[in-house]
Amino acid sequence: MSGAGGREGHDGSSVSDDEWDRFLRESVEGTAADAPVEPSARAREVTRRLRENPEPPPGWRTYSPAGSSAFRDGSRTGPRAGKRTVWYVIGVVVTLALLAVAIFPQQVTDLFGGGGGQDDRTPLAAESGAPTGAPGAASGLRGTLDDPFRGSPAARWADGAAGITVPAARATGWMDAARVDRALRQSRDFLVASGLDSRVLRGERPAGAIALLNPHQKDVQQYLRTALSPAAKPTAETDPLLLFSRFRPGQAQLVGDAVKTRGRLDFREGKRGAVEVTADVTFVYPVTPAAAEGDPDAEVIRTIVRRVLVMSWDDPSRVTTEPGTMSLVSYALDMTNGGCGEPTGYFTPPFGTADARPADGGQRIDPYDRSRPIANGDGDDCATATRS
C-alpha cells in the first residue's frame, strides 16, 4: 500500500484514524479483516466537492431562469420580484393622483397650467390670411386679476396694435406703393383710436378716430352727432358701439393695461380708383366690476368684440374728401359678454351670471372662431357663447 495520501483522514481521505487503529490492533490479534480500501481519485474529488458545497446540485432536467435566485428566508429576490415592486409603486402613485383630482380638481388643474397642457401660452404667428376654423381648445378656466386671460385662446394673442397684421403695400388704384402703405397704417390707427385708446374705453369722446373720418361724408357725420350726443338715446342704428368700444366707468373697469387682439387688414382697388381697405379684428377686453376695486377675488369677465370695417381712401380728384381722411363703406359688430337687448351706448358685462345655465334651444356661437362671418342680427338677439 502506498504511503502517499494513504491516511488523509481530515486531509481529504475517506479512511479515518479510528478505522486505521482498529485495523492495526486486529492485525496483531490475528482477527483483522481486509484493510480499508483506499478511495479512488474520483471518490476523493466528489467528497471534496460535497464538503465545499453542501447544497444539492440541481437536477439535469430542472429549469432555472437566467439570473434568477432561490427563495431565501421566506422572501423573493431577483428581476421578477423587482418588477412586482415597480408595478406596486406605480399603482400607489396613480391611485393618489386620481384621489387628488377628485378632491382638489381646481388646484390640480392650476398646478399643471390648466387643462393638461391645453392652456398654451406660446405666441401665435401673425394672422396673414382668413382662418379656416376655430382655434384649439384651452383650459376654459376663468380669468383672475393676476391672470385675466387664463383659460382663453387670447392668451396666445398679441397685445394692442401688435395683433393687427398690416400687409405689404403695392401700387393700387390712384395710389403708389408708398401712399398705400400710409393708408394701411392710418387704417390701423383708426382701429387703435376707436378700440384701444384708454380714454375712449372709459367713455370719453373718440377724437382721434373722428379725425381720420372724411368730414364730407354726410351719413357718417350724422351718425357721429347722434351717437355721441349725451342727450340722445341710443338705437340699433345710432349705437356708438357700432364704431367705438366703451365701458361705463361706474359699472366696469379694465383689468391691467393689456387688450388682446387678433386680425388683419386687406386691400384692393375700389370704386373710382379708390384704395379699399378691409379690417377684420377681434378685441378681448378683461373687465371687473368697478365697485369691486381693491377686492383680490373680484370677478373677471372677458368682453369679446369682433369688428369688420371697410374703409375707402378716395381719390381727391374724384371724391370730395380731405387729406389723411377716409370714408366708411360699411361697419359691423359682433360681441360676447357685452350685454344684450336694448342698446345703452356702452358694453355692459354680465357680472354675477358666470354660473347661470344657458337657455335651451338658444343660438350658440364661439366668439373666437374668426372663420365664420358676422351674423346680421337685429340687435335684440342674444346668442350664448360656448367659451370666453
Side-chain angles (χ1 to χ4, degrees), residues 103-115 119-121 123 138-163 192-208 228 230 234 239-241 244-262 282-305 335-358 367-368 382 384-385 387-388:
I103 299 176
F104 308 108
Q106 186 69 59
Q107 290 82 346
V108 172
T109 305
D110 291 350
L111 179 63
F112 291 97
D119 205 6
D120 190 2
R121 296 301 182 102
S139 67
L141 294 175
R142 297 176 186 174
T144 66
L145 294 178
D146 293 330
D147 190 1
F149 299 102
R150 183 182 70 160
S152 165
R156 303 181 63 189
W157 295 4
D159 295 350
V192 171
S194 61
L196 294 172
D197 188 304
S198 59
R199 293 166 298 184
V200 175
L201 294 177
R202 293 194 300 266
E204 296 184 21
R205 185 175 178 82
L228 300 176
D239 190 349
L241 295 180
F244 312 109
S245 294
R246 314 196 312 165
F247 295 89
R248 195 183 298 276
Q251 198 255 345
Q253 61 183 7
L254 285 173
V255 178
D257 299 324
V259 173
K260 295 290 185 178
T261 60
R262 186 161 181 81
T282 300
F283 303 78
V284 182
Y285 304 96
V287 290
T288 190
E293 185 174 2
D295 181 1
D297 298 321
E299 181 182 10
V300 174
I301 282 182
R302 291 182 283 258
T303 296
I304 306 166
V305 180
M335 65 177 173
T336 298
N337 290 337
C340 8
E342 293 295 326
T344 65
Y346 299 91
F347 293 131
T348 54
F351 296 118
T353 63
D355 296 324
R357 297 185 59 182
Y368 293 102
C382 291
T384 299
R387 55 179 171 173
S388 68

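- Two rings, from Tyr346 and Phe247, have their centers 6.0 Å or more apart.
- A donor-acceptor contact shorter than 3.5 Å links the side chain of Thr353 to the backbone of Pro350.
- Expressed to the nearest 0.5 Å, how far CZ of Arg202 lies from CG of Asp197 amounts to 8.0 Å.
- Contact check for Pro206 versus Leu228: side-chain heavy atoms found under the 4.5 Å cut-off.
- Judged purely by atom type and a 3.5 angstrom limit, Glu299 uses its side chain to pair as donor or acceptor with the backbone of Gly352.
- Within the model, atoms OG of Ser194 and CG of Leu201 stand 9.5 Å from one another, a figure rounded to the nearest 0.5 Å.
- At a threshold of 4.5 Å between non-hydrogen side-chain atoms, the residues Ile301 and Thr288 do not count as touching.
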Review item, side-chain donor-acceptor pairs of residues 249-257, under 3.5 Å, at least two apart:
unit_1: Gln251; atom_1: NE2; unit_2: Pro349; atom_2: O; d: 3.4

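- When all heavy atoms of Gly151 and Ala138 are compared, the pair lying nearest together is O-CB, 3.5 Å.
- With contacts defined as side-chain heavy-atom distances shorter than 4.5 Å, the pair Phe351/Val287 qualifies.
- Taking the side chain as every heavy atom from C-beta outward, Thr144 and Arg150 approach each other to under 4.5 Å.
- Residues Thr303 and Thr336 have side chains not in contact (no heavy-atom distance under 4.5 Å, counting atoms from C-beta outward).
- Side-chain atoms of Arg246 do not come within 3.5 Å of backbone N or O of Val200 as any donor-acceptor pair.
- In plain terms, the two heavy atoms of Ala258 and Pro286 that are nearest each other are O-CD, 3.8 Å.
- Arg121 has a carboxylate O that lies under 4.0 Å from a charged side-chain N of Asp147, or vice versa, which qualifies the two as a salt bridge.
- Distance check, rounded to the nearest 0.5 Å: CE of Met335 to OG1 of Thr282 gives 14.0 Å.
- The shortest distance between side-chain heavy atoms of Pro148 and Arg302 does not fall below 4.5 Å.
- Annotation for Tyr285 and Val305: closest pair CE1-CG2, 3.8 Å, computed over non-hydrogen atoms.
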task = Kindly determine whether Tyr368 and Ser388 satisfy side chain to side chain donor-acceptor pair (under 3.5 Å), including the steps that lead there.
result = CA-CA 8 Å; Tyr368 293 102; Ser388 68; 5.9 Å; no
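- With hydrogens and angles ignored, the 3.5 Å screen pairs no side-chain donor or acceptor of Thr261 with any backbone N or O of Ala161.
- Taking the ring centre of Phe283 as origin, the terminal cationic atom of Lys260 falls outside the region bounded by 6.0 Å and 45° from the ring axis.
- Listed for the Asp239 side chain is no donor-acceptor partner under 3.5 Å among the backbone atoms of Pro234.
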